[in-house]
Amino acid sequence: MPKIADSPARTALTPDPGRWKALVFIALAQLMVVLDATIVNIALPSAQQDLGISDGNRQWVITAYALAFGGLLLFGGRIADLWGRKRTFIVGLAGFAAASALGGAATGEAMMLGARALQGAFGALLAPAALSLLAVTFTDAKERAKAFGIYGAIAGGGGAVGLILGGFLTEYLNWRWTFFVNIPFAVVAAVGAYLVVREPADGRNRSPLDVPGVILSTLGLVALVYGFTRAESEGWSDAGTIGLFVGSAVLLLAFVVTESRVKSPLLPLRVLADRNRGGVYLSLGLAVIAMFGLFLFLTYYLQVVKGYSPVRTGFAFLPMIVGMITGSTQIGARLMTRVPPRLLMAPGFLAAAVGMLLLTRLEIGTSYAGLILPAQLLLGLGMGTAFMPAMSLATHGVDPRDAGVASAMVNTSQQVGGAIGTALLNTIAASATTAYLTGHAAGATTPAAQKLLQLQGMVEGYAAAIWWAVGILAVSAAIAFAFITTGKPGSGVVAGSGTGADDEVRIPVVAH
């Protein structure tokens with residue numbers, strides 16, 4: 001009779017002794033990617049002036065990154081499954097560092113935009129590889145809860161940290177350091193990953209690459225992201241904007257049809273067919289719409305209306321970060337193994353909606369401590385509580401060979417949600433501001449009154465857009481409650497979510 005220690009099943013399920021060290025480097029890489037989504041925003045005015053970028057083209061510093069990142073995410077997830085997640089992770093880090101160095105050294109507009117597009121492309125390799133590594137490294141339910149609690153806090157709060165760091169670097173050093181700061185992050189994460197990260201030996205998907213799927217998904221997502229970006233500047237009724245949305249719908253429909261017919265699809269429809277994962281992707285994407293819009297409005301409100309400096313604005317977001325970390329690690333992680341995911345996600349999104357509801361009362365003289373601080377705490381607690389089980393469930397029960405592309409779908413829903421949120425809510429705010437100014441212009445007869453009217457108009461616009469954000473978060477909560485039906489995870493190996501809570505998918509963790 002063979003010894004238990006020699007059993008292949010036991011070997012496959014032996015936890016990686018270096019898994020917690022691996023988490024440090026995976027989380028560091030994720031923090032770098034999330035930081036980059038907001039850190040450049042604060043540096044943009046200084047960079048625009050130094051490089052001579054026109055007002056019409058300055059949006060491309062943000063858009064070039066978003067288009068490359070959002071458009072290539074599914075491709076990046078599939079590459080992770082094909083090459084191996086560790087290799088893709090390290091290549092993504094190296095490329096992101098090189099692109100950041102190029103951006104920091106930019107001498108003109110073309111060099112800057114090229115660097116941002118490269119950052120987005122390598123980020124699309126890095127982000128799904130990081131999440132899928134986490135998914136196949138932590139399979140014990142309690143350990144998985146802790147690991148995804150940390151990861152969820154970073155994914156949710158990293159954008160606000162970027163505002164603080166961006167303010168410091170821009171105000172006390174130079175805008176170029178908002179790019180150069182990525183290099184030490186990437187080097188440490190890459191060296192650490194090379195030394196300690198392991199992945200399943202049989203976790204790769206070596207099927208031929210689905211080239212038509214790559215082309216259709218990339219073009220469809222780029223058209224969708226660019227359509228919302230264009231709507232913000234040119235309007236929703238613009239012929240070019242409508243053309244982009246129609247083109248995106250046609251391309252993405254063709255992508256779905258192609259994936260249902262090819263032998264080795266880029267995005268196996270079985271990944272989306274699971275109602276739990278579908279509910280996560282949809283509810284998370286909607287929640288990010290509300291969250292990204294809030295970052296934009298609060299940043300402008302604090303700097304333009306309240307007169308805060310970049311650094312002070314960054315620190316003003318600290319309560320949200322504290323709330324997210326607390327929600328992820330102290331609420332979500334502790335309850336994840338005790339209650340079904342929907343009983344964390346739905347109340348989490350509702351708590352965030354209540355926080356957002358408080359912000360509809362914004363006025364020019366609103367007290368930070370009396371309104372903005374408690375609203376941010378509620379937002380952070382709610383989002384942190386919801387994000388953590390969402391990140392875990394998105395890769396829960398997935399076949400190891402599909403882990404990369406399932407992880408890419410999480411990032412895709414966030415990236416597309418961010419682009420939609422910025423464009424949609426900004427357009428709503430601008431329309432409300434214009435309507436308010438038109439309706440009250442007659443009463444502003446002095447320069448002081450006109451300046452006050454401008455500020456009041458901005459605040460009215462923000463409040464109108466935040467009302468929409470409240471509604472979007474409420475819809476997110478309803479979707480999470482209705483679609484996500486899996487029960488609480490067991491105490492052992494992660495249970496699958498494919499057909500029911502009783503099905504177990506035993507994911508091999510380590511191959512030495």
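Side chains are part of it too, since the values below use all heavy atoms of this structure and drop only hydrogens, waters and symmetry mates. In this text the structure is predicted, and so the values were computed from the model without any measurement.
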Given Phe315 and Phe168, is the ring-ring contact (aromatic ring centres under 6.0 Å, His included) satisfied, shown in steps?
CA-CA 10 Å; Phe315 274 108; Phe168 257 108; 5.7 Å; yes
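- The distance from the CG atom of Asn182 to the CD atom of Gln119 is 6.0 Å, given to the nearest 0.5 Å.
- A donor-acceptor contact shorter than 3.5 Å links the side chain of Ser248 to the backbone of Gly220.
- Considering all non-hydrogen atoms of both residues, Ala482 and Thr485 come closest at O-CG2, 4.1 Å.
- Below 30°, between 30° and 60°, or above 60°: for Tyr308 and Tyr368 the angle between ring planes is between 30° and 60°, a tilted geometry.
- Contact between Leu473 and Met356 at its shortest, heavy atoms only, is CD1-CE, 3.8 Å.
- Atom-to-atom distance recorded for Ile428:CD1 and Trp467:CH2 is 14.0 Å, nearest 0.5 angstrom.
- In this structure, OG1 in Thr385 is found 11.5 Å from CE in Met345, a value given to the nearest 0.5 Å.
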For Val214 and Arg78: C-alpha separation, side-chain torsions, deciding distance, then whether side-chain contact (heavy atoms from CB on, under 4.5 Å) applies.
CA-CA 9 Å; Val214 170; Arg78 180 66 181 86; over 6 Å; no
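- Across every non-hydrogen atom of Met383 and Ala352, the tightest pair is CG-CB, 4.1 Å.
- Relative to the six-membered ring of Tyr301, Lys306 misses at least one condition, a distance below 6.0 Å or an angle of at most 45° to the axis.
- Within the 3.5 Å criterion, the main-chain N or O of Ser283 finds a donor-acceptor partner in the side chain of Ser476.
- Nearest approach of Ala80 to Thr88, heavy atoms of both residues: CA-OG1, 3.3 Å.
- Summarising the geometry of Ala480 relative to Arg342, their closest heavy-atom pair is O-CB, 3.6 Å, with the distance given to 0.1 Å.
- With hydrogens and angles ignored, the 3.5 Å screen pairs no side-chain donor or acceptor of Ser328 with any backbone N or O of Ile325.
- Here the side chain of Arg275 pairs a donor or acceptor atom with the backbone of Phe483 at under 3.5 angstrom.
- A heavy-atom distance below 4.5 Å is found between the side chains of Met32 and Phe96.
- The distance from atom CG of Leu216 to atom CG of Leu221, rounded to the nearest 0.5 Å, is 10.5 Å.
- Scanning both residues, Pro128 and Gly76, for their nearest heavy atoms gives CG-C, 4.0 Å.
- With rounding to the nearest 0.5 angstrom, the CG atom of Leu74 is 12.0 Å from the CD1 atom of Ile79.
- With hydrogens and angles ignored, the 3.5 Å screen pairs no side-chain donor or acceptor of Thr366 with any backbone N or O of Leu362.
- The line from CE of Met320 to CG of Leu373 is 10.5 Å long, rounded to the nearest 0.5 Å.
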